[in-house]
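Numbers here simply count residues along the sequence, with the first being 1.
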Amino acid sequence: MIALLPAIGEELVFRGVVQKIFRQWSRNAHVAIWTTAVLFSAMHMQFYGFIPRMLLGAMLGYMLEWSGSLWLPMLAHFINNAGAVLLTYLFQHNLSTINPDEVGTGSDFRGVGVSLVLTVLMFLMLYRRELASRQSAEVSKTIAGEN
């Protein structure tokens, strides 16, 4: 429940409502995504995690923008939350030596590197899919206009 409810609720509020409002107001997806990401991070009221949480908010915003579906950012948010909950549970029950409060603070950047590569690849695939979808829509409009 700790992973599921915030994933659904926060995505409905931030990506489903706030980002949509800023998108309509600014007519610029990037302004809407980054403004919403800042608000998303600020809402958590944790200063030391502000920038990583803001970047997570931006990633979730681009997932919505490029996929057109709120389900993808909800799933990603759930996976993020569930990972943190699972890691905390395992550490507290001495089933793991990885302290969740120290993840990302040490000098071992292998996990960061793997995560960065996988994230970039996922976003490239999502972005290419969006471009292909736009091009297909433009071709359809062109064909429909000529007939």
Side-chain angles (χ1 to χ4, degrees), residues 1-93 95-96 98-105 109-145:
M1 297 319 280
I2 292 173
L4 183 63
L5 293 179
I8 294 171
E10 290 178 5
E11 290 312 305
L12 284 172
V13 170
F14 285 97
R15 259 51 70 188
V17 175
V18 176
Q19 184 170 315
K20 183 177 181 179
I21 289 170
F22 279 112
R23 178 85 153 88
Q24 292 170 344
W25 175 72
S26 69
R27 294 189 170 99
N28 185 311
H30 303 292
V31 169
I33 289 167
W34 286 100
T35 304
T36 303
V38 168
L39 293 173
F40 171 75
S41 187
M43 184 272 310
H44 285 86
M45 294 188 215
Q46 294 175 334
F47 176 75
Y48 289 109
F50 187 86
I51 291 176
R53 196 169 293 104
M54 180 186 67
L55 293 174
L56 175 65
M59 287 173 50
L60 296 170
Y62 281 108
M63 284 181 184
L64 172 62
E65 182 67 25
W66 292 337
S67 74
S69 172
L70 197 53
W71 290 109
L72 186 59
M74 277 185 189
L75 176 63
H77 197 148
F78 170 75
I79 290 169
N80 179 71
N81 291 354
V85 170
L86 181 62
L87 195 57
T88 300
Y89 175 85
L90 293 174
F91 182 74
Q92 288 176 345
H93 289 85
L95 299 170
S96 173
I98 301 171
N99 183 346
D101 293 330
E102 294 176 2
V103 171
T105 62
F109 292 105
R110 287 182 301 217
V112 173
V114 169
S115 177
L116 182 62
V117 167
L118 291 174
T119 301
V120 168
L121 288 174
M122 180 198 64
F123 272 93
L124 281 173
M125 288 175 20
L126 189 59
Y127 184 68
R128 285 183 180 168
R129 181 176 159 228
E130 168 64 13
L131 285 178
S133 176
R134 283 185 194 176
Q135 290 172 348
S136 176
E138 288 176 14
V139 168
S140 296
K141 285 180 185 177
T142 303
I143 292 172

Check your understanding: Between the main-chain N or O of Pro73 and the side-chain N or O of His77, is there a donor-acceptor pair closer than 3.5 Å?
Key -> no
Check your understanding: Can you say whether the rings of Tyr62 and His30 are parallel (under 30°), tilted (30 to 60°) or perpendicular (over 60°)?
Key -> tilted
Check your understanding: Roughly how far apart are His93 NE2 and Thr88 OG1, rounded to 0.5 Å?
Key -> 11.5 Å
Point to revise | Single hit among Lys20, Arg23, Gln19 for side-chain contact (heavy atoms from CB on, under 4.5 Å) with Leu64 | key: Gln19
**Study point:** Close side-chain approach of Glu10 and Met43, heavy atoms under 4.5 Å
**Key:** yes
Point to revise | Nearest-0.5 Å distance that lies between atom CZ in Arg53 and atom CG in Asn80 | key: 9.0 Å
Check your understanding: Would you say the side chain of Phe50 lies within less than 4.5 Å of the side chain of His44, judging by non-hydrogen atoms?
Key -> no
Practice item. Indicate the atoms forming the closest heavy-atom contact of Ser41 with Gly49, along with that distance. Key: OG-O, 4.2 Å
Study note, to complete from the structure: So CG of Leu87 and CG of Leu95: to nearest 0.5 Å the spacing works out to 11.5 Å
Point to revise | CD1 (Ile98) with more than 12 external heavy atoms under 6.0 Å | key: no
Check your understanding: If you take all heavy atoms of Val31 and Asn28, which pair is closest and at what distance?
Key -> N-OD1, 3.2 Å
Point to revise | ring-ring contact (aromatic ring centres under 6.0 Å, His included) involving Phe14 - partner list, sequence neighbours excluded | key: Phe40
Practice item. Give the ring-plane orientation class for Phe22 versus Trp25, where under 30° counts as parallel, over 60° as perpendicular and anything between as tilted. Key: perpendicular
Practice item. Indicate yes or no for a side-chain donor-acceptor contact from Thr142 to the backbone of Glu138 under 3.5 Å, with no hydrogens or angles considered. Key: yes
Check your understanding: More than 12 heavy atoms of other residues, nucleotides or ligands under 6.0 Å from OH of Tyr89: is that the case?
Key -> no
Check your understanding: Could you walk me through whether Met122 and Met63 pass the side chain to side chain contact (heavy atoms under 4.5 Å, CB included) check?
Key -> CA-CA 10 Å; Met122 180 198 64; Met63 284 181 184; 3.3 Å; yes
Review point. Do Phe123 and Met59 touch side chain to side chain, with heavy atoms closer than 4.5 Å?
Key: yes
Exercise for review: Take atom CD1 of Ile51 as the centre, draw a 6.0 Å sphere, and report whether it contains more than 12 heavy atoms from other residues, nucleotides or ligands.
Suggested key: no
**Study point:** Heavy-atom side-chain proximity of Asn81 to Ile2 below 4.5 angstrom
**Key:** no
Revision key, fill the gap. One should read off an interatomic distance between Leu86 CG and Ser96 OG, to the nearest 0.5 angstrom, of 9.0 Å
Check your understanding: Where the side chain of Thr36 meets the backbone of Ala32, is there a donor-acceptor pair that is under 3.5 Å apart?
Key -> yes
Study note, to complete from the structure: Closest non-hydrogen atoms of Trp66 and Leu126, given as atom of the first, atom of the second and distance, are CB-CG, 3.9 Å
Point to revise | Closest non-hydrogen atom pair, Ala58 against Ala37 | key: N-CB, 3.4 Å
Check your understanding: Below 4.5 Å, heavy atoms only, C-beta onward: do Leu72 and Leu60 meet side chain to side chain?
Key -> no
